[in-house]
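Working notes for the structure below.
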Amino acid sequence: MHCTHLIAADTWYVGASDRRLAKFENLFPISRGVSYNSYLIVDEKTALLDTADSSVSAQYLENTAHALNGRGLDYLIINHMEPDHAATIAEVLLRWPQAQIVCNAKTVPMLKNYFPAAAEKIDAALLVKEGDVLSLGSHELTFVMAPMVHWPEVMLTFDKTTNVLFSADAFGTFGALNGNIFADEVDFARDWLDDARRYYANIVGKYGTQVQAVLKKAAGLPIQVIAPLHGPIWRENLGWFLGKYDLWSRWQPEDQGVVVLYGSMYGNTAGAASALAGLLADRGVKNIAVHDLSVTDTSEAVAECFRASTIVLAAPTYNGGLYLPMNALLEDLKALSLQNRTFALIENGSWAPMSGKLMAERVGELKNCTLLDTRVTLRGALTPAQDADLAALADAVAATVQG
Ligand SMILES: Cc1cc2nc3c(=O)[nH]c(=O)nc-3n(C[C@H](O)[C@H](O)[C@H](O)COP(=O)(O)O)c2cc1C
């Protein structure tokens, strides 16, 4: 059964959602599923923008055929080669063999590497570069190169007729689409923003500089609709979401707030982390978030670090090193180039505590991050004699968000 939606004049949503996949990229848990968006413009010429993951290919091909309504496909525009969007390219070319691929030069070797059997079609591709215009009849498409957002070949396509920006993975989010395909039809801030931030931080987060470059280009376009490759389509309140992207891509916190991230085997570090959160609340800090890194997925902890301004890390020493979930988080924060945060530390170690030193070294590798001098060292449980130490840490942490 086809499931298509008109998103602008002559422009159909033909994508599909997967609610069975446990982990996106076999890494990131997606309990709310994910959508693979693709769009078809039906004009004098027809143009399909990107394809879909193989998991939804049956639905996707049915949607595309329905929206074509017996017409042939003239162009297959490839904005992004990542297989969650490109996997169905070979099948599309088999079904609509007259379709000409439209892509930029960087896409060609990738296409040949993924689809060697389609070499002839790939050699016949229409190569586009920044600012080129492709006329479909009444729709005029132009192309905006977006290298490393988050692959080298990424480009965006802008329909100058409808002012729709087909934004590739930019402005995407985890989460299946549940009938409502527009962001203004759902409570995005309540139900989607956390996943949008998690998607951005983990998938695109490393490439903030490149995202900033694209945002500057986008500012010159009269965009009315943003149609990403994952998640809801934006046709209202675009500035609000662009503002989030601006903050995230400059690694600036969204909230002046505290997130406490702890690792703990036997509960002692956890107890100190909880006690600290309570002391922060006593000092008037609001919306404190506390996560056990053995329970909260690293991707969620990363997203929390992209959200909050002050991050408290609490972890035991483990075989002379750092407790593994904390180690994984700090690896990721460095890989994603997190910047502009304040950190505070609680360490634990029964005989030779090292985790504080190790966490401090890792924080020191992050650009423009401040590490508070006040640190609490546990040798097991938090003792009554250390109440004053924890209170001093709470004072210092609270001051970072209370100005
Ligand atoms: C497998 C293992 C390795 C440990 N390695 C060290 C170590 O190298 N140095 C140290 O001082 N403590 C070490 N500890 C002790 C823990 O840091 C200590 O038990 C701490 O209280 C654990 O925090 P938790 O109670 O929050 O789980 C180790 C504990 C375990 C279970």
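Just follow the structure's listing: the first ligand is 1, and inside any ligand the first atom is 1.
Between Phe171 and Tyr245, the ring center distance clears the sub-6.0 Å criterion.
A 4.5 Å side-chain heavy-atom check between Asn327 and Leu329 finds every atom pair outside the cut-off.
Residues in residues 323-342 take part in these ring pair (Phe, Tyr, Trp, His ring centres under 6.0 Å) pairs, two or more places apart or across chains: Tyr318-Tyr323.
Listed as neighbours of ligand 1 are Ser264, Met265, Tyr266, Gly267, Asn268, Thr269, Pro316, Thr317, Tyr318, Asn319, Gly320, Asn348, Gly349, Ser350, Trp351, Ala352, Pro353, Gly380, each bearing a heavy atom under 4.0 Å from the ligand.
With salt bridges taken as basic N to acidic carboxylate O contacts below 4.0 Å, none links Arg198 and Glu304.
Taking CG of Leu330 as the start and CE of Met359 as the end, the distance is 7.5 Å to the nearest 0.5 Å.
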Practice prompt. Apply the test salt bridge (charged side-chain N to carboxylate O under 4.0 Å, His left out) to residues Glu347 and Arg379: give CA-CA distance (whole Å), side-chain angles for both, the deciding distance (0.1 Å), then the verdict.
Written response: CA-CA 9 Å; Glu347 67 172 342; Arg379 298 251 174 190; over 6 Å; no

